[in-house]
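Taking it in order: structure first as structure tokens, then the write-up.
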Amino acid sequence: MPDALHAWIVLRQDSVVRIAGLISLALVGYMLLVFGRFLVYWAGSRHAFRHDRPAEPGDPAAFQWHLVIPCRDEEAVVTQTLDGLRAGAPEAHLWVIDDDSEDATRELVLAAAARDPRVHLVQRRRPHARIGKGAALNAAYREISARLPEGTDRSRVVIGVVDADGQLGPDTLARVCSTKALGRPDTGAVQIGVRMRNTDDELPLPGRGRAANALARALVRMQDIEFQATNTGMQLLRRRTGSVGLGGNGQFVRLTALDSLTAEEGRAGRPWPERALLEDYESGLDLRLAGWRLTHVTEAQVSQEGLISLRRFLTQRTRWAQGNMQCLRYTGRVLRSPHYTPSGKAEVLYTFLQPVVCVLLVLLLPLSLGITGAGVVLFPEETAEFQLRFGPWMLLAFVLAALPMVFWGFAYRRAVHPDRSRLTALLWGVAPLIHELGDATRLVHTGQHWDEAMSGRFLRDLDLPEPELLTGVGGRPRAGQIARSLGQLDTAFAEDRPLAVVVQGDTNATLAGALAANARGIPLVHVEAGLRSFDRAMPEEHNRVMVDHVSDLLCAATGENVANLRAESLAEERIELTGNTVVEVVRRQLPDGAARATLLAAHGLRPDGYVLATVHRPENTDTAEALGAVLAELDRIARAGTPVLFPMHPRTRAAVERFGLDGLLERLAVTGPVGYGDFLGLAGHAALLVSDSGGVQEECTVLGRPLLVVRRSTERPEAVAAGFAALVPPGEELGALARAWLSDTPERLARLTATPSPYGDGLASARIAALTAAIAGPAGVGSAPLAA
């Protein structure tokens, strides 16, 4: 420590010690408050769990049952699921909502429907499909409502939701319609218990080693404990406070309760939230706020397959935590609602705030340790005295947090496995502590394109976490961007070494991340490897070649990308054909039909009747000749009567002003940059796209829209080869080809809609994540972060 700083601290020793002590006391107090709050909640759950009394079964014949099974690519389980549901609920109609599966799901359901008239298929197709489970459930609601005979008593119609791998117990329907559940006319919905069907599977990962299978078995057992003990106690407590929550699997809702939600403005035909991460829990909040009673039935259960992948488990829990935080927007309505009791309001707020509390604890713990460490070095006597006085309280706080979780192991043993020993129950009780693990991924944003319109909005649209932002990168020349990013990333990797680094694409930031990982000997994964334009005048071509040659895992999107990598003699074992993540991103982010109609109306556009254009690359914006040639042809299209929507990149706007080209914008519908979802919505109805973007070359193949690529070369020839795109230079050739393509719009769109995207099946992310986890190594799972 510098002498001057040491002298300053010694001079103000009393004040420094006092302030550090106050901060430490505040941290101790916060932890005691949080853990005490948890202890009260746990005690209430345990009491409700121990004193639960089952109700007598009701008469299922008094109701009409419709079980909804949302499916996407479920050919492996759908037939077994239908057979099991028919055995467990022989009187129910079974509705499979096929969310545009690409396997044999549809054919298997149609075959089952041919044998059983109570099996029905609701077929959804993109762009209306694959936009969330809430949208699929709403499609089922509309279909069931439309098929009910006139005069049906809708209060006696029940819609149940079962996952594609779910199986109901044999007496589920009788339990759900008991006098404590749907047998009461004020009950709007019932949630039943959930259990893991594969808890006793000795080899959940066939072909893997003992350690991998032991971890998978422990993970499944932990989930079973969570649902059959912890969650059951929580739901029984909620039953007493009037705040029962609905889950995605095993919820049963009275049709009139759903009808009451569709009466709200803007929700006609859509009782389930369509843009929520927790559409099931939020639908329960909506029902309770509408005055309906919700309850939980523990004696009826639905079984499902427990997750055997730690990565998928962490992803699921991170999504649930984000969904809980989304629910914070209900806070005001819950607090004002006459339908929630004071204890119910307290319980709901506990649930909403739990992720926030955990995040604060994660942030405050290092602060506490840092203060203690500094105190030991600077003021050992005062620090020792403080720890003797308040250390036991800190220890008590941690015991209060950990010990109650262990007790659930004994509750689980008594309820599920009374034949097992108490030692086994103790070990089971330790398992839920794994829930405290956070997401193992860090998102690092170099700041190369840090702009609210161009970057911040996209992060929100894609539901990405807040990134760690590097500084001083944007606006520099290429060499400066790479050098600045490289230095900061190297420091970050040295301080908190990741298990693996994932870089995507071919930007300067991508190259910096690759070089930083390579310098530190960290496994490097390149997504979109093997892209080649063979045009060395493009800076991106240099970037992608260098990144590919230092990467340990090359995730190639297409067979042509694989061939490019092999031609450069890169090792075969480093190359994997994964498909492109753009397919699933477009499907997930494309707004639904109503949102797209609203978007087009806001811009005064009609479907298939306009051109959408974007220009931003240096080759088109660095000279007045190139930019003027592009804008002149767009102006001619607009003058001929076809509207041209032009979301303008900041670089392009600056170039237009610098070159005095404002006159060429007068007939164009110029806007600022739009969000990613809005861009997809606009692109999905355009008669023609004109762009120099690399990403649009991929997105057009998923949307089925024609694209003129205003560039001299492209690293993505697949879109051209498949007939989606054509490569044209700025100038008259661009205008001539645009007019020719616009002249046969209906035929061209019909042809492209029937043409599959060359970029894969929409499962690239899952493949890349699995490969990345493998290259990161099993020893580090859960102990160090990945960097993306």
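Keep in mind it's a predicted model, so treat the numbers as computed, not measured.
- Remark: the backbone N or O of Glu715 is not paired with any side-chain donor or acceptor of Arg532 at under 3.5 angstrom.
- In this structure, the side chains of Asp761 and Arg767 come closer than 4.5 Å at one or more pairs of heavy atoms.
- Inter-residue side-chain proximity for Gln504 and Cys555 is flagged as unmet; no heavy-atom pair is nearer than 4.5 Å.
- Checked by atom type, the side-chain pair Ser533/Thr714 shows no donor-acceptor distance below 3.5 Å.
- Side chains of Met538 and Arg617 form a contact here, defined as non-hydrogen atoms less than 4.5 Å apart.
- Minimum heavy-atom separation, Val702 to Val583: CG2-CA, 3.9 Å.
- Applying the side-chain contact (heavy atoms from CB on, under 4.5 Å) rule to Ile308 yields the partners Asn198, Pro204, Leu205, Ala216, Val220; only residues at least two apart in sequence or on another chain are considered.
- Inter-residue side-chain proximity for Arg544 and His549 is flagged as unmet; no heavy-atom pair is nearer than 4.5 Å.
- A donor-acceptor pair is defined here as one N or O able to donate and one able to accept, closer than 3.5 Å; no such pair exists between the side chain of Glu576 and the backbone of Leu554.
- Remark: the backbone N or O of Met196 is paired with a side-chain donor or acceptor of Asp224 at under 3.5 angstrom.
- The residues Arg221 and Glu226 are annotated as not salt-bridged, no charged nitrogen and carboxylate oxygen being separated by less than 4.0 angstrom.
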For Thr581 and Ser765: C-alpha separation, side-chain torsions, deciding distance, then whether side-chain hydrogen bond (donor to acceptor under 3.5 Å, both in side chains) applies.
CA-CA 6 Å; Thr581 57; Ser765 291; 5.3 Å; no
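- Between Leu771 and Val525, every side-chain heavy-atom pair lies at or beyond the 4.5 Å cut-off.
- Judged purely by atom type and a 3.5 angstrom limit, Lys133 uses its side chain to pair as donor or acceptor with the backbone of Gly248.
- Ser485 places no side-chain N or O within donor-acceptor distance of the main-chain N or O of Ile482, the cut-off being under 3.5 Å.
- Between Arg520 and Val501 the shortest side-chain heavy-atom distance does not fall below 4.5 Å.
- At most 12 heavy atoms of other shown residues, nucleotides or ligands fall within 6.0 angstrom of atom CZ in Arg312.
- Remark: side-chain polar atoms of Arg574 are not paired, donor with acceptor, to backbone N or O of Leu553 under 3.5 angstrom.
- Partner of Asn543 under the side chain to side chain donor-acceptor pair (under 3.5 Å) criterion, out of Asp506, Asn508, Asp548: Asn508 alone.
- With Glu541 contributing its side chain and Ala537 its backbone, the two residues share no donor-acceptor pair below 3.5 Å.
- Between Arg566 and Ile575, the closest side-chain pair of non-hydrogen atoms falls below 4.5 Å.
- Note: Phe352 and Tyr330 have tilted aromatic rings, judged against thresholds of 30 and 60 degrees for the angle between ring planes.
- With salt bridges taken as basic N to acidic carboxylate O contacts below 4.0 Å, one links Arg716 and Glu528.
- Checking Tyr676 against Glu699 by side-chain atom types alone, a donor-acceptor pair falls below 3.5 Å.
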